[in-house]
*Asks:* 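Have a look at this one before I ask anything.
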Amino acid sequence: MESPTRARLSGTIAAAVAALIAVGGASFARASVGPAEQIGTFALLGGSPKIVSKFWAVMGGGLASTLKVRQFPIGSTTAILNYDVEMQRTIHMVVIRDDFATFAHLHPDFNTTTGTFSQSFTKQANHRYYVYADTTPHGIGQQVFRFTMESDGPVSAMKPSLVPSAPSATAGPYTVALEKTTLAANTPQSLDLTVDENGQPAHDLGSYLGAPAHFVFINTSSLAYVHIHPMVRNGNTNAKGPMKMNMTGVGPLMELHVPALPAGTYKLWIQFRGGSYKLYTAPFTIAAQ
Ligand SMILES: [Cu+2]
């Protein structure tokens, strides 16, 4: 499992004041921002909430905004300041459009004084967005909360396809192939992933955030979140032995240990690094039945 990272806020006081004035003016002019502050819904499949996570969005020009997350121990008004680094970051923020057509994996800045994470994000009109904050507060373990950014304009009636996708997808020069896209529900299982280039196993993959690939599953009904990492399959790696979890080794043949998924349809995004350190994302639709 994992989560995310760090931050910095910089700038002169004059710039900060100017930005506050600009942002304040813009937010008064825009009524579609939604509630000033939301309490997150716990979203990590198989986990339980041990903190309170708060979210708000500061509107910028057009559809641009700065997303803010601040988290608290239950019953406390003192923000959590101490986060573990998981997968090279203190926070992983995942932002998904309401029709599951877009996916962003972001790493907000962290203000170590206020405990506030900040991330700029520009949405598209006529869509809600689901925002997931995936963190590991020190001593608590992984916590994931979901928030909703309201739509600017009427929400599009476009409905996503919930039919399992073909098991292979194209991402840049790569063919990303899953062993299958229909899984047994409520059953832990392994799932093979192969990344080919020009009909051969890809030879130029790199590690991304400390793993050979990242899998984010979102249940299209409950909106539950799962973020897991494959290991590179034996014989295809410089790992020390077949039983050793090889998270940082990289190779085109991978195996994912999928936890028991409740029955339903899941949107899955697989991210990996290709040649020249370029990041690729391959989307799938998975049925658990
Ligand atoms: Cu990951």
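The basis for the numbers below is simple: all heavy atoms, side chains too, and nothing from hydrogens, waters or symmetry mates. One-based numbering, in listed order, for ligands and for the atoms of each.
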*Asks:* Please verify the inter-ring angle class for Tyr83 with Phe117; under 30° counts as parallel, over 60° as perpendicular, anything in between as tilted.
*Replies:*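 Taking Phe117 first and then Tyr83, their aromatic rings stand perpendicular (interplane angle over 60°).
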
*Asks:* Can you give me the ND1-the Cu ion (ligand 1)-NE2 angle for His214 and His227, to 10°?
*Replies:* 130°

*Asks:* Does any N, O or S atom of His105, backbone or side chain, fall under 2.8 Å from the Cu ion (ligand 1)?
*Replies:* no

*Asks:* Taking side chain to side chain donor-acceptor pair (under 3.5 Å) as the test, write out the residues that go with Gln189, two or more places apart.
*Replies:*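 Gln189 satisfies side chain to side chain donor-acceptor pair (under 3.5 Å) with no other residue.
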
*Asks:* Please report, to 0.1 Å, the donor-acceptor pairs under 3.5 Å made by any side chain of residues 165-174, with sequence neighbours excluded.
*Replies:*
residue	atom	partner	partner atom	Å
Ser165	OG	Thr285	N	2.8
Ser165	OG	Thr285	O	3.3
Tyr174	OH	Asp204	OD1	2.8
Tyr174	OH	Asp204	OD2	3.0
Tyr174	OH	Gly275	N	2.9

*Asks:* Pairing donors with acceptors under 3.5 angstrom, does anything connect the side chains of Gln71 and Thr135?
*Replies:*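 Present: a donor and an acceptor within the cut-off.
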
*Asks:* By atom name, which N, O or S atom belonging to His229 lies closest to the Cu ion (ligand 1)?
*Replies:* NE2

